[in-house]
Each structure stands twice: as C-alpha cells, then as structure tokens.
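One structure is given below, encoded as structure tokens.
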Amino acid sequence: MTDLTELTAVQLVDGYRKGAFSPEEAVRAVLERAERIQPEVNAFVRLTGEEALEQARRAGERWRRGEPCGRLDGVPVTVKDILLTRGQPTLRGSRAVSPDGPWTEDAPSVARLREHGAVFVGKTTTPEYGWKGVTDSPLSGVTRNPHDPSRTAGGSSGGAAAAVSLGTGPLALGTDGGGSVRIPASFCGVFGLKPTYGRVPLYPASAFGTLAHVGPLARDAADAALMLDVVGAPDARDWSALGPAPGSYTEALSGEVRGLRVAYSPSLGGQVAVRPEVAGAVRRAVERLAELGAYVTETDPDFADPVDAFHTLWFSGAARVVQHLRAGQRELLDPGLREIAGAGARYSALDYLAAVDVRMELGRRMGLFHQSYDLLVTPTVPITAFEAGAEVPKGSGHRRWTGWTPFTYPFNLTQQPACSVPAGVDGDGLPVGVQIVAARHRDDLVLRAAHALYEAGAGTSARW
C-alpha cells in the first residue's frame with residue numbers, strides 16, 4: 001500500500017485527480033505521523049487536527065465533483081510560526097507575544113495557499129523572531145534533526161524543514177533573512193528556495209527589512225515550483241512586492257541545463273573553510289551539471305565577506321523587533337537576541353547607510369558577474385548539522401551563527417534567488433546541500449537546474 005506521507009504534492013494532486021486516494025486519507029496519515037514524531041523532533045508549535053481534517057473532507061468533496069478549487073486542493077502544508085494564519089496564534093517563538101486574539105488575517109502567502117485549497121496541518125517552530133540559523137526558543141524549546149535528533153535542524157525555518165523531511169506535509173512555508181530556508185534545507189536533506197525579493201509578498205513587513213524573503217521548503221524542485229506558482233502572486237498589502245510572475249515556474253522546469261554557463265565556487269575564493277566531505281558532495285553535483293550539458297567554470301564572484309554590513313542591518317532589525325517591549329518582557333527574550341538587539345540599538349543612521357552602501361556595491365558586482373554566468377554554485381553550508389541547542393558548533397571559535405553560514409547571507413543582501421538542493425550525505429549520514437544562485441528575477445533558472453539534478457538522481461539517502 002502507498003505510504004501517503006512519502007508522496008510529493010505533485011503526486012498527491014495526481015492521486016486525487018485519479019481517485020486513487022482522498023485528501024482526508026492523506027491528511028490523516030500526515031497528522032498521525034506528525035503526532036508520532038513530535039515528541040522527539042519538536043517540529044511543531046501546534047497541530048490543527050480536527051480543523052485540518054475538516055478542510056480535507058471539503059477538499060475531497062470538491063475532487064469527487066471534479067471541481068477542485070485550486071492547484072493545491074487537499075494538499076497538506078505547514079506554516080512557519082512567523083507568518084500570520086487566520087484563526088491561529090502567531091507567536092514568533094516568543095514568550096513576549098500574547099496568544100490572545102483575535103487572529104483574523106492571513107499573511108499573503110498563507111492567503112494564496114488557502115485560496116488554492118491547501119490544508120493547514122500545523123504551525124512550525126522558529127527561533128525567537130527568526131533571529132538565528134538554528135531553531136530553539138524560550139517558547140518552544142529545541143527542534144532536532146530528523147537524521148540524528150542529537151543534531152540541530154538548522155534554522156530559522158528548522159521546524160518547516162524537519163516537517164518536510166519527516167513526511168508531515170510535502171510543502172512548508174518558511175522565511176529567509178540570511179539563509180533561514182536554505183540552511184535547514186541543507187541540514188535536513190530537503191529542497192529550499194529563497195526567491196527573488198518581492199516575488200512572494202510579505203505582510204506585516206519584517207523588521208529586518210528587505211533582507212527578509214518568504215519561500216517554500218519541499219520534497220523537490222517540482223513541488224517548490226508548484227508552490228511558488230501559487231504564493232508568488234501580488235498582494236496589495238506589500239508595497240515592495242513584484243508584479244505578476246513572467247510565466248509558470250512549473251512549466252519552466254522542462255527547460256534543459258544544456259548550454260547554461262555555470263560558475264562553480266567551492267570556497268568563495270578561499271574565504272571559507274569547507275569540510276572535505278561537503279566539498280566532495282558539492283563537486284559531484286557540479287560534475288553532474290556538466291554531464292547534463294552545462295558549461296562549468298571553476299571561478300569565484302568578486303567580493304569580500306560582507307558580514308559586518310550584514311550584522312549592522314540584521315542587528316538593527318533585531319533592535320527594532322524588540323523596541324516595543326517593556327523591561328519585564330525583555331527579560332523573557334532569548335539572551336542571544338537580547339544581545340544583538342542591544343548592539344543594533346547602538347548603531348547610528350550613518351552606520352546603517354554605510355552598510356547599505358556595501359550592499360549596493362555587492363549587488364553591482366553580482367549583477368556584472370551574472371552577465372558572464374547564468375548560475376553560481378557553492379556549498380549551501382560548509383559543514384553538516386552540529387549539536388542541537390547551540391548557536392555555533394562547539395570549538396568552532398565562532399561567536400554568532402553567521403560565522404558558519406558565509407555562503408547564504410550575501411544573497412539576502414543582493415536579493416537574488418538561491419536554493420539548496422540535497423547533494424548526498426556525509427560519513428555520519430548527515431545531509432549535504434548544494435546552493436544554486438541566479439541573477440535577480442531568474443528564479444526559473446534556479447528551479448530548472450535544481451530539477452535537473454533531481455531528475456538525475458539527487459537525494460540524501462545515497463551519495464552521487
């Protein structure tokens with residue numbers, strides 16, 4: 001018998017259409033799986049249970065009439081507890097947020113999913129206000145890696161990535177301000193996409209400004225493309241949102257990678273120490289792209305690590321996040337968040353604008369780089385998952401999470417589309433991710449290359 005928790009969203013929709021199984025059966029299987037794994041992995045803030053089953057029953061009736069209400073009718077999805085969801089508290093991983101309602105509004109991406117019939121099975125965990133690259137918070141505790149519960153799931157969309165990896169919904173909504181979709185996708189062995197900034201509208205606006213993106217986590221690139229087709233529609237509440245997409249991202253998957261110009265940067269010009277097993281897995285992925293006909297050149301983008309500028313912008317955002325809290329509420333915060341918010345409050349407007357200047361220059365350099373190369377390929381993260389409950393790996397010498405994520409946050413500064421694709425596992429069975437980056441607005445190329453790797457046999461269960 002088919003295990004419905006192992007099917008992709010594309011496969012579920014196809015099964016519903018053929019009458020092979022019902023949305024209620026799929027959602028019930030997902031909820032049972034979620035309840036079983038939650039005590040060990042802690043991917044969820046809450047599961048919606050009966051509400052989800054009722055949504056699934058209504059979806060089943062529509063499919064039986066041959067009248068699905070959208071492209072995801074009856075598909076189980078999860079939503080990171082940063083994004084507003086009507087009828088459910090959105091606590092953002094914080095004890096300083098009151099659960100009292102009314103919760104009457106959906107975030108734009110959630111609203112689009114609801115319009116297309118998606119079934120909301122739960123809200124997934126996040127560090128407090130999504131501030132770091134691992135997932136633990138004073139509110140919900142530590143989220144653990146599905147491949148080894150002693151390790152971190154990554155973050156800040158760690159609950160979302162763990163949920164997809166464990167079969168508790170093929171699609172998840174996450175957010176990414178410095179790698180928060182791609183880092184946990186890499187650590188948990190799933191696909192994660194940070195679209196071009198504005199492709200997926202965001203409301204309320206993030207205190208982290210235009211670093212913050214909304215994006216899908218999924219079983220594969222085809223599912224992510226389907227989800228982006230749904231959530232990538234404009235919303236009047238986000239003044240910075242892009243207009244309608246130029247075409248279907250699902251249809252764009254059919255294009256070949258043959259002839260694409262791919263720049264392979266194994267360490268950003270020697271700036272990053274990459275674990276050998278990670279480097280080997282990424283190199284094999286790049287070799288696979290070459291076998292598929294891409295023109296691969298080992299070269300590096302011309303920029304120095306922009307971490308200081310990123311910190312100025314990120315820490316300032318953290319200060320803004322907590323600015324409204326009273327003294328007693330601040331004592332409830334994650335100590336790390338309290339520390340970076342304090343640093344952010346000490347920056348001047350000139351400091352902030354100097355960081356914006358660095359950002360603009362980085363964007364200029366990457367714009368010119370992509371005149372020569374369609375895609376840039378790097379490791380997603382230079383390491384695999386480390387001990388759960390820690391911001392940085394023990395003995396690494398890093399002080400903040402940005403120390404071990406140098407491949408991700410530069411492309412939040414530039415607002416480029418970037419994804420993480422599973423590239424195998426290391427000797428401990430922990431997933432490795434390969435990052436694919438394109439010029440702004442070329443989300444189609446990122447998805448096309450990722451899909452080609454999946455079609456060629458990418459995955460976390462075996463090495464290439």
Side-chain angles (χ1 to χ4, degrees), residues 176 178-179 181-182 185-186 191-200 210-211 213-218 220-222 224-225 227-229 231-232 242-243 245-266 268 282 285-286 288-290 292-303 306 359 362-380 407-423 433-455 458:
D176 189 316
V181 161
R182 291 159 290 156
S186 180
F191 182 80
L193 173 68
K194 179 186 76 67
T196 299
Y197 178 80
R199 179 73 279 146
V200 181
T210 57
L211 295 173
H213 302 57
V214 178
L217 293 107
D220 58 25
M227 193 176 194
L228 188 59
D229 278 338
V231 301
L242 299 175
S248 165
Y249 293 108
T250 298
E251 292 177 3
L253 299 177
S254 61
E256 295 184 343
V257 297
R258 182 174 302 279
L260 290 181
R261 303 162 299 168
V262 175
Y264 166 45
S265 178
L268 294 181
V282 173
V286 172
R288 183 58 57 90
L289 288 173
L292 294 171
Y295 297 117
V296 176
T297 304
E298 187 167 328
T299 188
D300 303 300
D302 178 26
F303 65 79
R359 182 181 193 178
L362 179 60
R364 183 190 72 84
R365 289 172 182 257
M366 287 308 302
L368 294 174
F369 181 82
H370 283 291
Q371 289 187 329
S372 300
Y373 300 100
D374 299 301
L375 299 170
L376 169 66
V377 177
T378 74
T380 306
F407 292 110
T408 57
Y409 55 76
F411 305 109
N412 292 81
L413 290 166
T414 61
Q415 303 186 340
Q416 294 171 247
C419 75
S420 181
V421 185
V434 56
Q435 178 174 239
I436 303 174
V437 185
R440 291 175 73 242
H441 311 296
R442 294 313 309 265
D443 306 70
D444 60 317
L445 289 184
V446 169
L447 287 163
R448 187 197 307 177
H451 182 63
L453 288 176
Y454 275 101
E455 292 286 286

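Nothing here was measured: the structure is a model prediction, and the numbers come from that model. The first residue of the sequence shown is numbered 1, and numbering continues consecutively from there.
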How would you list, by chain and number, every residue that makes a side chain to side chain donor-acceptor pair (under 3.5 Å) with Asp220, sequence neighbours excluded?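 Asp220 satisfies side chain to side chain donor-acceptor pair (under 3.5 Å) with no other residue.
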
Apply side chain to side chain donor-acceptor pair (under 3.5 Å) to His441 and list each qualifying residue two or more places apart in sequence or on a separate chain.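 Here no residue qualifies.
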
Please round to the nearest 0.5 Å and tell me the distance separating atom [atom1] of [X] and atom [atom2] of [Y].
X      : Y      : atom1 : atom2 : result
Asp444 : His451 : CG    : NE2   : 13.5 Å
Ile436 : Arg448 : CD1   : CZ    : 12.0 Å
Leu413 : Phe303 : CG    : CZ    : 9.0 Å
His370 : Leu376 : NE2   : CG    : 6.0 Å

Within the side chain of [X], is there an N or O that forms a donor-acceptor pair under 3.5 Å with the backbone of [Y]?
X      : Y      : answer
Gln416 : Ala438 : yes
Asp374 : Arg261 : yes
Asp443 : Thr196 : yes
Arg199 : Gly243 : yes
Arg182 : Thr408 : yes
Asp176 : Leu193 : no

For Arg440, all residues meeting salt bridge (charged side-chain N to carboxylate O under 4.0 Å, His left out), sequence neighbours excluded: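 Arg440 satisfies salt bridge (charged side-chain N to carboxylate O under 4.0 Å, His left out) with no residue once adjacent residues are dropped.
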
List the residues meeting salt bridge (charged side-chain N to carboxylate O under 4.0 Å, His left out) with Asp300, not counting sequence neighbours, and say none if there are none.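 With neighbours one apart ignored, the set is empty.
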
Kindly indicate whether the side chain of [X], heavy atoms from C-beta on, has any atom under 4.5 Å from the side chain of [Y].
X      : Y      : answer
Val282 : Pro266 : no
Leu447 : Leu228 : yes
Met366 : Pro301 : yes
Thr297 : Val262 : no
Val377 : Val434 : yes
Phe191 : Val421 : yes
Tyr264 : Leu289 : no

What are the two closest non-hydrogen atoms of [X] and [Y], and how far apart are they?
X      : Y      : answer
Ala450 : Ala221 : CB-CB, 3.9 Å
Val446 : Ala418 : CG1-C, 4.5 Å
Leu217 : Ala185 : CD2-CB, 4.1 Å
Ala449 : Leu375 : CB-CD1, 3.6 Å
Pro216 : Pro195 : CD-CG, 4.4 Å
Leu453 : Ala285 : CD2-O, 3.8 Å

CZ of Phe369: more than 12 outside heavy atoms within 6.0 angstrom?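 Counting other residues, nucleotides and ligands, CZ of Phe369 exceeds 12 neighbours.
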
Whether over 12 other heavy atoms sit under 6.0 Å from Glu298 CD: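 Yes.
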
Under the ring pair (Phe, Tyr, Trp, His ring centres under 6.0 Å) test, residues paired with Phe407 that sit two or more places apart: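 Partners of Phe407 by the ring pair (Phe, Tyr, Trp, His ring centres under 6.0 Å) criterion come out as none, since no residue qualifies.
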
Holding to ring pair (Phe, Tyr, Trp, His ring centres under 6.0 Å), I want the full list of residues that pass it with Tyr197, two or more places apart in sequence or in another chain.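 Ring pair (Phe, Tyr, Trp, His ring centres under 6.0 Å) check on Tyr197 returns His213.
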
